[in-house]
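Step one of this worksheet: look at the structure below.
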Amino acid sequence: MSPPITSLTCEYMTNPLGLDVRQPRLSWKLAAMHRGARQTAYQILVAGTPAILEAASAGRAQDGLLWDTGQVESDTSIHVPYAGVALQPGQRCYWRVRVWDESHAVSEWSETAFWEMGLLDHANWQADWITPDWDVPVSWPQPAPLLRREFTARSDIAAARIYVTSLGLYELWLNGQRVGDAVLTPGWTSYNHRIQYQTFDVTELVHEGDNVLGAMLGDGWYRGYLGHRGQRGLYGDRLALLLQLHLTYANGHVEIINSDTQWRAVRGPVLMSDIYMGETYDARREKPGWDKAGYDDSEWHPVRRIDHAKDTVVAQVGHFVRRHEEIRPVRRLRSPRGETIFDLGQNMVGWVRVRARGPAGMTITLRHAEVLDQEGNLYTENLRRAAQTTRYVLKGATDADEVFEPHFSFQGFRYVAVEGFPGEPTLDDLTGIVLHSDTPPIGTFECSSSLINQLQHNIVWGQKGNFLDVPTDCPQRDERLGWTGDAQVFGRTACFNMHVAAFFTKWLRDLSADQLPGGSVPFVVPDVLSRTDSGGLNRSPSSGAAAWSDAAVICPWEIYLCYGDARLLEEQYESMASWVDYVCSRADSDYVWRSDFQFGDWLDYRGTDARKPAPVTNNELIATAFFAHSADLVASAARVLGKISDAERYAGLARKVKDAFTHEFVTPAGRVGPNTQTAYALALQFDLLPEALRRLAADRLADEIRQANYHLSTGFAGTPYLCHVLSRYGHTDVAYELLNQESYPSWLYPVNKGATTIWERWNGIKPDGSFQDPAMNSFNHYAYGAIGEWLYRVVAGLEVDPAEPGYKHVLFQPQPGGGLTCARATLNSPYGMVVSAWKLTEAGFHLSITVPPNAHATVRLPARSLDALTEGGQPLATGNGIVSVHVAGSTALIEVSSGRYEFVTTGLNLAQAMAGVRHVAGRLDRYSTLRDLLARAGDAARTMLIQQLSPTCLQVPDLDWALDMSLVQVADLAPQVLTPDRLDAIEAALDADL
Ligand code: BGC
C-alpha cells in the first residue's frame, strides 16, 4: 500500500540537521489522488527516539513525547510550527503525522521523518577560530593551507556531528574521507553580520582509536578578488577555521574536539585559488597520508587563535551548493589561433574535471570562455579581469591517471581551451561539472514550439548558473554579485523552475542585515560595493535605487505567494516597510521620486535608427511607479500579518503615490510618460492609472508595439511585466507576437543565434555577428529570462490566488495563441503536483489539469454555453469533484476540488486559434530573417528572394548584418526594392512550401 502522506519536510528540507529555528515548521503532502481528497484534521507526534514515537503512534501513552498535537481540526498541511517541549542544542526529533480526510476517516501514520537542532546559541561555540601561524600578503592569491588534528575516540560512539565554518572557504576530511558533498562552503553571506556554519553527520567516519580531521582553506569571497575594481580581501585578510566535533557515546557522554591550538598547518598543493581567477594545483606538493592518523606533521607549522566574532555565526539555511550534471564535450576544435578548444555544447557554471597521465611538472592549463569570436577563437574579453584559468601540474604518476577538479573557484563557460596536455586530449579527458545551489527542480514548461522550448531551457540554465548560494547577475566576469534588481526581476520565474523559498530566505536575511539604518537597500547583497572603490556604479553608497532595492519588498511577497510562507513575510516585514519609508523620505512633497541615482530601465533597447527617437523611459517615472507598487505590497503584507493600521497607512500612501503618478506622467487621453513600452507596462501592472484610463493605455501600448514591428524595447524594469499587461487587457495576441518574434530585439533572437542561456543584452551578439561592448556583455544573465513566468502563468495558465497562497487555490486560466498547438506546465507545489496541459484540435480546446490533494481550483475556459463543454467525455455537470459551473459571456468558470480532470470545449478550435496569428516561431514567412529564409526556404521562394533582392546585394560582406532583418524590416527600409506585391509573392511561395 502506498503511504497516505508523503514529502515530510521541516523548514523546507528533508530530515535536516543543524537547525537553529526554535519552532521549526513542518509540512507534508497527501498522496491520495481521488477527486475531492482533502484534509479535515491532522495529528502530529514528535519524540526524541523512534521507539517512543512508535509506541505513541500505536496509542500507548508515552513519557518523553516532545509534542502531541492531538487531533487538530484544520486543513493546514504546510508550515505547522512546532509547539512542543523546548528543544535543546543538537536534539534529534522524530516525527510523524496522520490526517483525517474529507469523510473524516483517519489515515495510517506517515513514515517517520526527523530534524535535528543545531548549536542554537553562539554561546555553545567553545571552539576557537584558528589560523595558520604565518603571515601572508593579501594583495595576491595565496596557497591554500592544510590543517590537521589527530584525536582519539573511545568505543561505543553513538553519534558524531561536525559543526563547522570558516573565514574563506573550506573543505573537510575525516580519516581521509571527504566530509559531506557540499562545495564552496560555508557559502557567501554578509560575513560581517552573518556567517553560516554547516552540520555534518560523521558517525560512519569516526572509529575507535586514532582519528584525524583535515581541512583546507581557500580565499573565496572572503579574501579573494571581489567586484570589478580588482580589489581583494574585502572582508578580512586571514583565513580561519571554526569547528566542533561532537562525539556522543552510547552512555550519553559527549566529548567535543575543537578547532584549537592542537591543530597543525602547512601550505598545500593548491598554489592559488580565487573565485574569479581560477585555481592552480601542483600535485607534486601533495602530502600523501596527511589526512590519515599517524602522519608525521612535526615539520608543519602551529596554528594560532584569532579573535574573531562568534556571535555572527548562524546555522546554514537551505540548500548546499552541490555538483549536478556531468557534461561531456560535444566536439574538439582547432581555432585559427591554434588553440585546442573543447565545446561542451552548453553554457554552464562549475568547473572541469580533467584526467591525464604524463611527466611530473607538466602543466595543463584550462582557459574557460562562454563564446568563440567571429573567427572561431576563444573569446575572453567579456570576462574583464576574471582569468577563469585553472592549471594542473602533474606529479607524474605512472600507475594511474591523475584526476583533477578545482576546489575554491568556479567558472562560467561553454568552451575550454586546453594547453600543455600530455598528448592529444580526447573528448573523454574533460568533463564539465555543473555546480549550483541544490534547489530542487519543481517546474517544467513545454509547448509545440521548439524555439520557445529552447528559450525555457535557456532560462532554466540561467537560473542554475546564477543561483550559486547567492542570486547573482552573472557567473563569469569579475562581478558575480547579488544584484538586487536582477533577483527581483527574475524571482517569480525562479519560483516556478525550482524550489527557492529557502534560498531566498537566506539571501533576504543578508539583505536585511545589509540594509542601512535609514531603510535604504544596497544595490548588491551581500553588499560589497560599499567596501570597494566601485567607481560610478555606486555613486552614493547609502542610497537605494528603484527596481533594485525594491527587491526588499517584492521578493518576500513573491515567496509568500508561491510557497505560502507567512513567517518569511513576518521576518522581513520591518525591512520591507523601512525601504518604503526610506523612499517616502526621498520623494518630493508631491510623492514623485525625482532625486537620487537610478538604474532606470537598465539595458533597454535604445534603437539603431537615428530617425526614430530612442524609446527611453525616464527615471522619475520608474522610481515613482515602484514606490507605489512597494507601498501597495507592504500594505498587503501588513494585512496578511494582521497589522491593520499599517495596512491602512501603506494603502493610503500607495493611493497618494498613484495619484501623483497620474498627475505627473499621464495625459487625460491615457498617454503615459514618454509613450514607451516600459512606461505602460509599469503603470498597468502596478494599477497606477485611474480605472477609466487603463484600457486606453493598454491600447496605446499595443499600438506602440505594433509600430515597433512587434519588437520589444524594454530593459530590466519593464521586461517582466510587458506580456502580462498585454494579456490582462485583451492583447494576448500582441504578447504572443512579441514572444514569437525572432529578429532583434526579441527573446528568440538569441535563441536563433545559438544561445543556451539568457544573455545580458538583447544583442550580446549583434546581427552582424560582432559582439556588444565587452565591458558589459555576459552570455549568462537571467534578468530577461523573466518572460518565463508568463509562459507558466499565461500560456499554460497556472496562477496562484493571493487569498490562498502556495497554490492552495489554483487558478487554471490558459490563454492559447501565437500559433501554439499545445502547452504543458507542471509544478510541484507545496500541496503536490499541479499540472495544466492543453492542446488545440479541429474539434476544440482540450485542457487536462491536476489539482493536488487538499487544494482546490478555478478553471476558466472559452465557452459561450454549458453545451460547449465536456469533462471526461461527459456533458459538464456538478458532482464528482466539480463543485460549480458558471458561464459568463464567453467564459466558463468551473470550481473543482482536487483530482485530475479532462475538459474539452468547442468554444475555441484550432482554426479559430490560428486565425490572425501573424508569425509562428520557427515558421518561415514575411517576419523571418533573410538569413533563415536563405537557409531554410524551399527552392521557389528562395529563388524569388534572390532575384528580388539581387544576389550581389546579398553577398556584400558589409551587408551581412542585413541578413538578420526580417523581410518586413527590409521592405520598410527599402520599399522600392521589396514592394508590397513582391512581399506577397514571396510569402505565397513560402506558404506553398508548407
Ligand atoms: C550587472 C547588472 C546589474 C547592473 C546594475 C551590472 O553590472 O551585471 O545585472 O543589475 O550592473 O547596474
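In listed order, ligands and their atoms are each counted from 1.
There is no side-chain donor-acceptor pair under 3.5 Å between Asn382 and Gln772.
Heavy atoms of His228 found under 4.0 angstrom from ligand 1: none, in either backbone or side chain. Counting heavy atoms under 4.0 Å from ligand 1, residue Arg477 touches it through the side chain alone. Contacts with ligand 1 closer than 4.0 Å are made by no heavy atom of Phe523, backbone or side chain.
Using a 4.0 Å cut-off to heavy atoms of Glu760, the atoms of ligand 1 that qualify are 8 (O). Taking a cut-off of under 4.0 Å to the non-hydrogen atoms of Asp486, the atoms of ligand 1 that pass are 2 (C), 3 (C), 9 (O), 10 (O). Close contacts between ligand 1 and His781 involve ligand atoms 1 (C), 2 (C), 8 (O), 9 (O) [criterion: under 4.0 Å to a heavy atom].
The shortest separation from a heavy atom of Gln488 to ligand 1 is not under 4.0 Å, leaving the residue out of contact.
Trp747 pairs in a side-chain contact (heavy atoms from CB on, under 4.5 Å) with only one of the listed residues (Leu738, Ile459, Ile758), which is Leu738.
Minimum interatomic distance between Ile765 and Phe771 (heavy atoms only, all atoms of both residues): CG1-CE2, 3.7 Å.
Between Phe716 and Trp548, the ring planes are parallel. Angles under 30° get that label, and only those over 60° would be called perpendicular.
When atom types are taken as modelled, the side chain of Tyr782 and the backbone of Thr472 share a donor-acceptor pair closer than 3.5 angstrom.
Here the straight-line distance linking atom OG of Ser746 with atom CD of Gln741 works out to 5.0 Å at 0.5 Å rounding.
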